[in-house]
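Inspection log for the structure reproduced underneath, given as structure tokens.
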Amino acid sequence: MDNRKRNGLDRETLMRAKKAGLTRISFGLETTSQRLLDDMQKGTTVARLDQFVNDVKDAGISLRATMFIGYRDETAEDLKETFAFLTKNQDCFERIKLCRFQIYDMTPIKAELSEEERANLHARQINHQYLNNDYLKAKKDILKIVNSINSKKLNEDARAFDGVM
């Protein structure tokens, strides 16, 4: 998902794809904090993500997403923005796979880490906000909304893919 004017994921194309037999889309949502999306260089905006998930829903396509918590410098406010997005758009999603952010060797973000961040990499994946009560509450709120989304009945058209993210 990016800011190119046409990348094949616009409303019209999604409608045609559904008619042609597309039943499910899975994508890396990651977060809906614009600050973090920019830091990750995702090349999209929260407004574009909002439009996309609603276009997928309107097309009748099952939507699954992966997300993570614990990105570097993530704050309670970032989590609150993601919670607000998920709350507003929960009917668009069938499943969300939520993970703790991990940094892997040979990835661009690992090369950007300071010496101190590299030394503490395996302690808590460089994000120590978990000690903050506001952060913990926001994290709990996200876990609740993701659980609510993941408890819904699956779209029968996409059931053949159940178990495959």
Side-chain angles (χ1 to χ4, degrees), residues 1-102 104 107-109 127 129 134-165:
M1 187 90 70
D2 61 35
N3 287 326
R4 291 179 288 181
K5 291 193 187 308
R6 188 164 172 97
N7 65 6
L9 298 174
D10 58 78
R11 183 179 184 83
E12 176 188 337
T13 304
L14 289 165
M15 296 292 185
R16 288 195 322 245
K18 174 62 176 177
K19 285 182 183 175
L22 180 66
T23 58
R24 188 172 92 194
I25 292 176
S26 297
F27 78 112
L29 178 62
E30 321 317 3
T31 182
T32 55
S33 159
Q34 191 62 58
R35 184 182 74 82
L36 296 183
L37 288 170
D38 292 346
D39 188 69
M40 292 174 204
Q41 300 176 28
K42 290 285 286 183
T44 194
T45 65
V46 174
R48 177 64 184 112
L49 290 168
D50 186 86
Q51 181 68 53
F52 172 71
V53 301
N54 281 281
D55 288 348
V56 171
K57 177 186 175 215
D58 291 347
I61 299 169
S62 171
L63 183 63
R64 304 206 181 175
T66 57
M67 297 182 66
F68 47 70
I69 291 178
Y71 187 74
R72 67 177 174 181
D73 299 325
E74 178 180 75
T75 65
E77 190 56 39
D78 296 314
L79 292 181
K80 289 174 186 176
E81 290 172 20
T82 296
F83 174 74
F85 180 93
L86 292 176
T87 300
K88 176 182 179 245
N89 294 298
Q90 62 186 306
D91 292 340
C92 299
F93 295 94
E94 284 212 324
R95 294 292 183 266
I96 294 179
K97 181 177 181 179
L98 182 64
C99 304
R100 182 154 65 56
F101 178 71
Q102 298 289 317
Y104 297 99
T107 57
I109 192 170
N127 187 334
Q129 289 291 322
D134 286 341
Y135 184 89
L136 287 173
K137 182 188 178 322
K139 181 177 174 180
K140 183 177 177 183
D141 289 343
I142 287 179
L143 291 171
K144 281 183 183 178
I145 192 74
V146 167
N147 182 61
S148 175
I149 290 166
N150 289 342
S151 297
K152 294 188 305 191
K153 184 178 176 187
L154 289 173
N155 177 326
E156 287 300 320
D157 291 343
R159 187 169 287 284
F161 297 104
D162 192 27
V164 178
M165 191 64 200

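Residues: numbered from 1 along the sequence shown. These numbers come from the heavy atoms of this one structure, side chains and all, not from hydrogens, waters or symmetry mates. Quantities reported herein were computed from a predicted structural model and do not represent experimental measurements.
Judged as a side-chain contact (heavy atoms from CB on, under 4.5 Å), and not counting sequence neighbours, the contacts of Lys152 are Arg95, Ile149. With sequence neighbours excluded, the residues that form a ring-ring contact (aromatic ring centres under 6.0 Å, His included) with Phe68 are Phe101. With sequence neighbours left out, the side-chain hydrogen bond (donor to acceptor under 3.5 Å, both in side chains) criterion links Asp58 to Arg11. Not counting sequence neighbours, Lys140 has no partner by the salt bridge (charged side-chain N to carboxylate O under 4.0 Å, His left out) test. Take Lys18 and apply the salt bridge (charged side-chain N to carboxylate O under 4.0 Å, His left out) test, not counting sequence neighbours, and it matches Asp157. The side-chain hydrogen bond (donor to acceptor under 3.5 Å, both in side chains) test applied to Gln90 returns no partner, not counting sequence neighbours. Taking Leu36 as the reference, Thr31, Ser33, Met40, Tyr71, Glu74, Asp78 meet the side-chain contact (heavy atoms from CB on, under 4.5 Å) condition, with sequence neighbours excluded. Under the side-chain hydrogen bond (donor to acceptor under 3.5 Å, both in side chains) criterion, Lys144 pairs with no residue, sequence neighbours left out. Glu81 pairs by the side-chain hydrogen bond (donor to acceptor under 3.5 Å, both in side chains) definition with nothing, not counting sequence neighbours. Looking at residues two or more places apart in sequence or on another chain, you find a salt bridge (charged side-chain N to carboxylate O under 4.0 Å, His left out) between Asp50 and Lys88. Lys19 meets the side-chain contact (heavy atoms from CB on, under 4.5 Å) test with no other residue; sequence neighbours excluded.
Using a 4.5 Å cut-off on side-chain heavy atoms (C-beta onward), Leu9 and Arg48 make contact. For the pair Leu14/Phe52, a side-chain contact is recorded, criterion being any heavy-atom separation below 4.5 Å from C-beta on. The shortest side-chain heavy-atom distance between Leu49 and Leu37 falls under the 4.5 Å cut-off.
Of all the heavy atoms in Ile96 and Val146, the pair that sits closest is O-CG1, 3.8 Å. Annotation for Met67 and Thr82: closest pair CE-CG2, 3.1 Å, computed over non-hydrogen atoms. Across every non-hydrogen atom of Ala138 and Ala76, the tightest pair is CB-O, 3.9 Å.
No side-chain donor-acceptor contact under 3.5 Å links Asn89 to the backbone of Cys92. Between the side chain of Lys57 and the main chain of Ser62, no donor-acceptor pair closer than 3.5 Å is present.
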- Message: Run the side-chain contact (heavy atoms from CB on, under 4.5 Å) test on Leu98 and Ile142 for me, step by step, so that the C-alpha distance in whole Å, both residues' side-chain angles and the decisive distance to 0.1 Å come before the verdict.
- Response: CA-CA 9 Å; Leu98 182 64; Ile142 287 179; 3.9 Å; yes

- Where do Leu79 and Ile69 land on the side-chain contact (heavy atoms from CB on, under 4.5 Å) test, with the steps shown first? CA-CA 8 Å; Leu79 292 181; Ile69 291 178; 4.3 Å; yes

- Message: Could you go through Lys80 and Thr75, starting from their C-alpha distance and side-chain angles, then the distance that decides it, and tell me whether this counts as side-chain contact (heavy atoms from CB on, under 4.5 Å)?
- Response: CA-CA 9 Å; Lys80 289 174 186 176; Thr75 65; over 6 Å; no

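Note that the CD atom of Glu156 and the CG atom of Leu154 stand 8.0 Å from one another [nearest 0.5 Å]. One finds the CG atom of Leu29 at 6.5 Å from the CG atom of Leu86 (value rounded to the nearest 0.5 Å). Considering CG of Asn155 and CZ of Arg64, their distance stands at 9.0 Å, rounded to 0.5 Å. Atom CD of Glu94 and atom CG of Asn150 lie 10.5 Å apart (nearest 0.5 Å). The CG atom of Leu63 sits 5.0 Å away from atom CZ of Phe27, with the distance rounded to the nearest 0.5 Å. Between the CG atom in Asn54 and the CG atom in Asp91 there is a gap of 9.5 Å [rounded to 0.5 Å].
Salt bridge present: Arg72 and Asp39 bring a charged side-chain N and a carboxylate O closer than 4.0 Å.
Among the candidates Gln34, Lys42, Gln41, the single residue satisfying the side-chain hydrogen bond (donor to acceptor under 3.5 Å, both in side chains) test with Asp38 is Gln34.
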